[in-house]
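Heads up: the structure comes next, in structure tokens.
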2 protein chains.
Amino acid sequence: MTDSLTAETIIRQYNLKLTKPRMLVLNLLLSRQEVLTADEIYEFLVRTGSSLNFSTVYRTLETFTEKKITEKVKMPDSRKAGFLLFTMSHTHNLICLGCHKVIPIHGCPLKAFNEELAAETRFEIVGHDLTVYGYCEKCRKPHHQ
Amino acid sequence: MTDSLTAETIIRQYNLKLTKPRMLVLNLLLSRQEVLTADEIYEFLVRTGSSLNFSTVYRTLETFTEKKITEKVKMPDSRKAGFLLFTMSHTHNLICLGCHKVIPIHGCPLKAFNEELAAETRFEIVGHDLTVYGYCEKCRKPHHQ
DNA sequence: ATGCTCTTGCAAATGATTTGCAATAAGGAG
DNA sequence: CTCCTTATTGCAAATCATTTGCAAGAGCAT
């Protein structure tokens, strides 16, 4: 009864047409638990023999992000945007600056804080961006300036 | 004995040469407690009679950000970067999506959380981005989708 | 199989930011 | 105060990521 989380299932769940580019992009994101930039996705797919267009990658990622299949984050020290799976269970991520692996942070550490902040500032708080950066066990090096 | 926080004092404190563009940009940021984009700064200065170059604004903001006189944030729903004063007392900001006013968040709500997270994931955590978005009292409207 | 609509590919445009280079200005030495 | 070295600026052109217009090409409900 529970659908397995294949690219196909996901795409269908969101009422999107099942197309080759969408399958390719989503399968890549599913297979790696990583942030990828549009060009990394494009490069990889082309390098591994698929044929699709760069703008299609952008459009696909835009669509996925609207539907909350993916999430868009700003990559530190780069102008590019990163994309990663938006799994329902999290809102924030821990990103390894070495290998770009993404560890989802389950549960939002800011819930209580937001309430305090709203009371204090009288703002209506509608959201926040939180991304934590670091180095995973493998990548730990004297990287930081 | 305590230096007042004029643009001049600040620029000197960071061993930067005191130049007209730097004074203009920093004074603007000091006078408004707001996030401003490079083009907003440029437009404003030119409109109010100053003469300086767009790339100089970028270079100035880059320098200020390196020295931590300013801080660079990603503006939501825009490709542009926003710049605001980096006051030593805070790391994070609450930004009003209506008027772009910035309220510095004093103290980091993630200190304790980062330690937990490091222990749990065995990452060496080197930093994080946190920006909270909302609407200030004045701007509260049925804005959110 | 047919048609309506959503997607794609391609090429060109856009928009933000960066860069090379020569001219200029800051600030220390004398 | 003047000279000198070096950092900074202006300008124009380049770059880089991302977006867009448009015509051709799928999906998929019927």
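Each chain gets a letter, A, B and so on, in the order the sequences are listed, and its residues count up from 1.
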To the nearest Å, give me how far apart [atom1] ([X]) and [atom2] ([N]) are.
| X | N | atom1 | atom2 | answer |
| --- | --- | --- | --- | --- |
| A:K74 | D:dA17 | NZ | P | 15 Å |
| B:Y42 | D:dT9 | OH | P | 15 Å |
| A:E62 | D:dA17 | CD | P | 18 Å |
| B:R59 | D:dT9 | CZ | P | 8 Å |
| A:I11 | C:dC6 | CD1 | P | 17 Å |
| A:L61 | C:dT7 | CG | P | 14 Å |
| B:E43 | C:dA16 | CD | C1' | 13 Å |
| B:L24 | D:dT8 | CG | C1' | 14 Å |

Taking the side chain of [X] as its heavy atoms from C-beta onward, which of [options] lies nearest to it?
| X | options | value |
| --- | --- | --- |
| A:Y58 | D:dG10, D:dA17, C:dG9 | D:dA17 |
| B:R79 | C:dT7, D:dT9, C:dG15 | C:dG15 |
| B:K80 | D:dG10, C:dA16, D:dT19 | C:dA16 |
| A:S55 | D:dT18, C:dT18, C:dC10 | C:dC10 |

Handout entry: Relative orientation of the end axes in the helix from C:dA1-D:dT30 to C:dG30-D:dC1, expressed as an angle to the nearest 10° (five pairs per end)
Key =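 One end axis against the other gives 40°.
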Practice task
Using heavy atoms to find the nearest nucleotide of DNA chain D for B:S51 and A:F54 separately, return the residue whose nucleotide is more 5′.
Solution key: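 With B:S51 and A:F54 compared, the 5'-side residue is B:S51.
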Problem - Which atom of A:V25 lies closest to which atom of A:L61, heavy atoms considered - result: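 Taking A:V25 first and A:L61 second, the nearest heavy atoms are CG1-CD2, 3.9 Å.
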Exercise for the section: Would you please confirm or rule out a distance under 4.0 Å between OP1 or OP2 of C:dC10 and any side-chain N or O of A:N53? Expected result: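 For A:N53, the contact criterion (side-chain N or O under 4.0 Å from OP1 or OP2 of C:dC10) is met.
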Handout entry: Heavy-atom protein contacts under 4.0 Å, nucleotides 24-30 of chain C, coded B base, S sugar-phosphate only, - none
Key = --BS---
Practice task
Kindly compute the distance separating CD1 (B:I103) from CZ (A:R122), expressed to the nearest 0.5 Å.
Solution key: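 The distance works out to 13.0 Å.
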Practice task
Identify which one of B:L85, B:V102, B:L84 satisfies the side-chain contact (heavy atoms from CB on, under 4.5 Å) criterion when paired with B:Q33.
Solution key: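 The passing option is B:L85.
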